[in-house]
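Reading through the structure tokens given below for one structure.
Bear in mind the structure is a predicted one, so any value in this text is a computation, not a measurement. We number each residue from 1, following the sequence as shown.
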Amino acid sequence: YCFGASMSVDYVHALLREGVGKSIQWSLLLALFAVVGSYLVGRNVSKPVVSLASFAQRLTDEGPGSRLHVRGSTEVEYLSRSISDMSVALHERETELSSQRDLLQQFMDNAPAAIYIKDPDGRYLMVNSEFERIMDKDRNEVIGHTAEVVVSSNIYEIFRENDRIVLKTGEAMEIEEYVPHADGLH
């Protein structure tokens, strides 16, 4: 046994007995703690954090619904489980909302009147098939846009004023809005 290339073990023991090696003892002890601490941090913090970051990227790329399988009981692992559970719950709610939206669209499409739903800025969120027929526009041309893409500017102002009334009162209204077509007002 030798320490370095030129010190025998007996010489090192003699130094330690004399007190010269106390700083070396502390240095070795600190180095041991650093190695053990580094291992524990890597196992208990770094690895779960990297796993959680990868899961977050997967959620960004693929959307909710993925599950992260986590073992252990550290704070990071608890957080990972919570985010995983939220992802699954969000996916279930999105699926239910999509199903309800499809049902609402079917109901609207079977109504004899032109029906539409707008956001507070006047952009169309949903329109039914009768709206498409009357306006001679496909819903994909209309959704996300204001009535400016559907009617002329003077008619648009009338539509927008009706929207303001609905927003101000907070109540649904049945309004007959006339739109010029090739064969007259409808």
Could you check whether any side-chain heavy atom of K168 comes within less than 4.5 Å of a side-chain heavy atom of I165, counting everything from C-beta outward? no
Output the distance between atom CD (E92) and atom CG (L97), rounded to the nearest 0.5 Å. 13.5 Å
Under a 3.5 Å threshold, yes or no: a donor from one side chain and an acceptor from the other, between E132 and N128? no
Do the side chain of T95 and the main chain of H91 share a donor and acceptor less than 3.5 angstrom apart? yes
Testing the 3.5 Å rule here: is there a donor-acceptor pair between the side chains of E171 and T169? no
Answer with yes or no whether the hydrophobic clustering places L79 together with M86; edges join I, L, V, M, F, W, Y residues whose side-chain heavy atoms lie under 4.5 Å apart. yes
To the nearest 0.5 Å, atom OG of S99 lies from atom CG of L104 at 11.5 Å
Considering all heavy atoms of both residues, which atom of K118 and which atom of A147 are nearest to each other, and what is their separation? NZ-CB, 4.3 Å
Measuring only between side-chain heavy atoms, which start at C-beta, is M108 closer than 4.5 Å to I117? yes
Passes salt bridge (Lys or Arg N to Asp or Glu O under 4.0 Å), E161 versus R164? Steps please. CA-CA 5 Å; E161 182 57 34; R164 286 187 194 101; 3.3 Å; yes
Could you report the tightest heavy-atom contact between S129 and D109, atom names first, then the distance? N-OD1, 2.9 Å
Shared ILVMFWY cluster between V151 and M126, side chains joined below 4.5 angstrom? no
Rounded to the nearest 0.5 Å, how far does CG of L90 lie from CG of L59? 9.0 Å
Using every non-hydrogen atom in the two residues, find where A114 and I134 come nearest and quote the distance to one decimal. CB-CD1, 4.0 Å
Could you tell me whether the side chain of M135 reaches within less than 4.5 Å of the side chain of V142, counting heavy atoms only? no
Just jot down the ring-ring contact (aromatic ring centres under 6.0 Å, His included) partners of F55, sequence neighbours excluded, or say none. none
Counting neighbours of CG on D119 that are heavy atoms of other residues, nucleotides or ligands and sit closer than 6.0 Å, is the number greater than 12? yes
Pair E130 + R133, salt bridge at N-O below 4.0 Å: yes
Can you tell me if D102 and Q106 form a side-chain donor-acceptor pair at under 3.5 Å? no
Should V166 and F159 be counted in the same cluster of Ile, Leu, Val, Met, Phe, Trp and Tyr side chains packed under 4.5 Å apart? no
Could you tell me the separation between the OG atom of S98 and the CZ atom of R93, rounded to the nearest 0.5 Å? 15.5 Å
Do I143 and V150 land in one hydrophobic cluster if side-chain heavy atoms of ILVMFWY residues count as linked below 4.5 Å? yes
D121/R160 under salt bridge (Lys or Arg N to Asp or Glu O under 4.0 Å): CA gap, chis, key distance, verdict: CA-CA 9 Å; D121 295 321; R160 193 66 187 133; 5.3 Å; no
Start with the C-alpha gap between I115 and V127, add the side-chain angles, then the distance that decides, and say whether side chain to side chain contact (heavy atoms under 4.5 Å, CB included) holds. CA-CA 6 Å; I115 300 174; V127 299; over 6 Å; no
Lys/Arg N to Asp/Glu carboxylate O, D61 vs R58, below 4.0 Å: no
Going by ring-ring contact (aromatic ring centres under 6.0 Å, His included), name the pairs with one or both residues in residues 127-154, residues two or more places apart or in two chains. Y116-F131, Y124-F131
